[in-house]
Amino acid sequence: MEFIILILIGLAASALGALVGIGGGVIIVPLLIFFGINMGILDRITPQSAVGTSSIILIVIGLSAMISYGRSNQVDWKNGRLFLLGIMPGAFIGSYASRLFTIDSFNLYFGIFLIFLSTLLIVRDRIKPISIFQDERYMEPHVDNMGEVHHYGFPAYIAIISTFVVGFFTGLFGIGGGALMTPLMLLVFRMPATIAIGTSMMMVFFSGSAAAAGHIMQGNVDFWYAVFIVPAAFIGAKIGVMANHRFNSDSLVVVLRTVLLLLGVYMILQTII
């Protein structure tokens with residue numbers, strides 16, 4: 001029974017994660033905790049092992065989706081390399097901070113975190129562009145998968161500092177960076193959704209690798225469970241990328257913020273009930 005559940009977790013989380021550019025960690029972690037701690041089916045799961053195991057899975061999801069999005073010109077490789085300077089060290093440090101969580105504190109803070117992200121996406125169209133990012137010195141043309149040219153750009157120090165913070169929460173919650181990187185690129189850097197989603201999967205791969213290294217050193221990874229989730233996650237990520245090409249940018253943002261809101265409410269209710 002537990003093997004079937006692990007396979008389904010890998011398929012569902014990676015498909016939805018790759019579809020909207022969040023990586024799937026925000027889905028994998030709550031599901032592992034639900035079936036492990038709440039239902040008692042996955043009996044070796046703790047908040048720390050859920051986060052650590054999720055980080056391993058995100059490497060596979062990120063790699064699979066990054067390659068697929070790269071082939072369709074949906075990855076901003078240049079700015080992506082800049083983001084790595086902040087997100088990878090942040091993820092490694094965040095992985096060590098996760099040891100402070102109990103199950104109740106994890107559910108509460110993770111739930112609040114997800115609702116915060118969802119709220120940002122709901123009000124994103126009402127937020128005016130930040131003037132510093134509209135400076136012509138930083139603007140460069142980028143062509144998306146539909147052949148449309150977009151102009152955007154930002155100072156290197158802003159990118160590195162903000163992605164370090166993203167990386168910290170990546171290692172802390174095992175979310176792979178996509179759940180924060182996608183809103184960051186949409187809201188602050190004003191990147192189009194198609195390119196933001198593809199580039200975020202690049203961040204998921206590298207930040208997941210850094211976070212996984214920290215969790216492996218702490219013994220937080222359940223490799224037996226990962227053996228069943230990884231192949232399913234690889235397939236699910238391919239499915240998510242294919243589905244992505246059937247949706248427009250606005251539809252993808254609606255899906256993303258709805259998923260984050262529902263998961264956030266669920267995690268908080270687990271603390272209250």
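Note that these values count all heavy atoms, side chains included, but never hydrogens, waters or copies made by symmetry. Counting from 1, the numbers follow the sequence of the chain as shown.
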Exercise: identify the closest heavy-atom pair between [X] and [Y]:
X	Y	result
Ala232	Leu11	O-CD2, 3.4 Å
Ala50	Ile45	CB-CG2, 4.1 Å
Leu82	Ala159	CD2-CB, 3.8 Å
Ile229	Gly10	CG2-CA, 3.6 Å
Ile59	Ala212	CD1-CB, 3.9 Å
Ala237	Ile61	CB-O, 4.0 Å

Can you tell me how far apart [atom1] ([X]) and [atom2] ([Y]) are? Round to the nearest 0.5 Å.
X	Y	atom1	atom2	answer
Ser200	Asp76	OG	CG	12.0 Å
Ile41	Ile5	CD1	CD1	3.5 Å
Leu32	Ile37	CG	CD1	9.5 Å
Asp222	Thr53	CG	OG1	5.0 Å
Gln48	Leu100	CD	CG	9.0 Å
Phe206	Leu85	CZ	CG	11.5 Å

Just by modelled atom types, is the [Y] backbone N or O under 3.5 Å from a matching donor or acceptor in the [X] side chain?
X	Y	result
His215	Gly171	yes
Gln218	Ser95	yes
Ser72	Tyr69	yes
Ser64	Val60	no

Do [X] and [Y] share a hydrophobic cluster, counting only Ile, Leu, Val, Met, Phe, Trp and Tyr and linking them when any side-chain heavy atoms are less than 4.5 Å apart?
X	Y	answer
Leu31	Tyr266	yes
Met217	Phe223	no
Tyr157	Phe154	yes
Phe92	Val221	no
Leu260	Leu262	no

Apply side-chain contact (heavy atoms from CB on, under 4.5 Å) to residues Met201 and Val75 and explain how you reach the verdict. CA-CA 8 Å; Met201 297 312 296; Val75 178; over 6 Å; no
For Phe83 and Met185: C-alpha separation, side-chain torsions, deciding distance, then whether side-chain contact (heavy atoms from CB on, under 4.5 Å) applies. CA-CA 11 Å; Phe83 294 152; Met185 288 186 283; 3.8 Å; yes
Aromatic contact between Phe173 and Phe168, with the criterion being ring centroids under 6.0 Å apart: yes or no? no
Side-chain donor-acceptor pair under 3.5 Å between Thr46 and Ser49, yes or no? yes
Might you work through the side-chain contact (heavy atoms from CB on, under 4.5 Å) test for Ile87 and Met181, ending with a clear yes or no? CA-CA 10 Å; Ile87 200 169; Met181 278 305 301; 3.9 Å; yes
Kindly check if the number of other-residue, nucleotide or ligand heavy atoms within 6.0 Å of [atom1] ([X]) is above 12?
X	atom1	answer
Phe3	CZ	yes
Tyr96	OH	yes
Trp224	CH2	no
Phe228	CZ	yes

Is there a side-chain contact between [X] and [Y] in this structure, where contact means two heavy atoms from C-beta onward sitting under 4.5 Å apart?
X	Y	value
Trp77	Arg81	yes
Leu84	Met202	yes
Ser162	Val188	no
Met203	Thr163	no
Ile160	Phe164	no
Tyr225	Glu2	yes
Leu172	Phe169	yes

Verdict with reasoning, Phe106 to Val51, per side-chain contact (heavy atoms from CB on, under 4.5 Å): CA-CA 10 Å; Phe106 181 83; Val51 171; 3.6 Å; yes
Report the C-alpha distance between Tyr152 and Phe189 in whole Å, list the side-chain angles of each, state the deciding distance to 0.1 Å, and finish with yes or no for ring pair (Phe, Tyr, Trp, His ring centres under 6.0 Å). CA-CA 7 Å; Tyr152 59 87; Phe189 299 145; 8.8 Å; no
Students often mix this up, so state it plainly: with edges at 30° and 60°, are the rings of Phe113 and Phe110 parallel, tilted or perpendicular? parallel
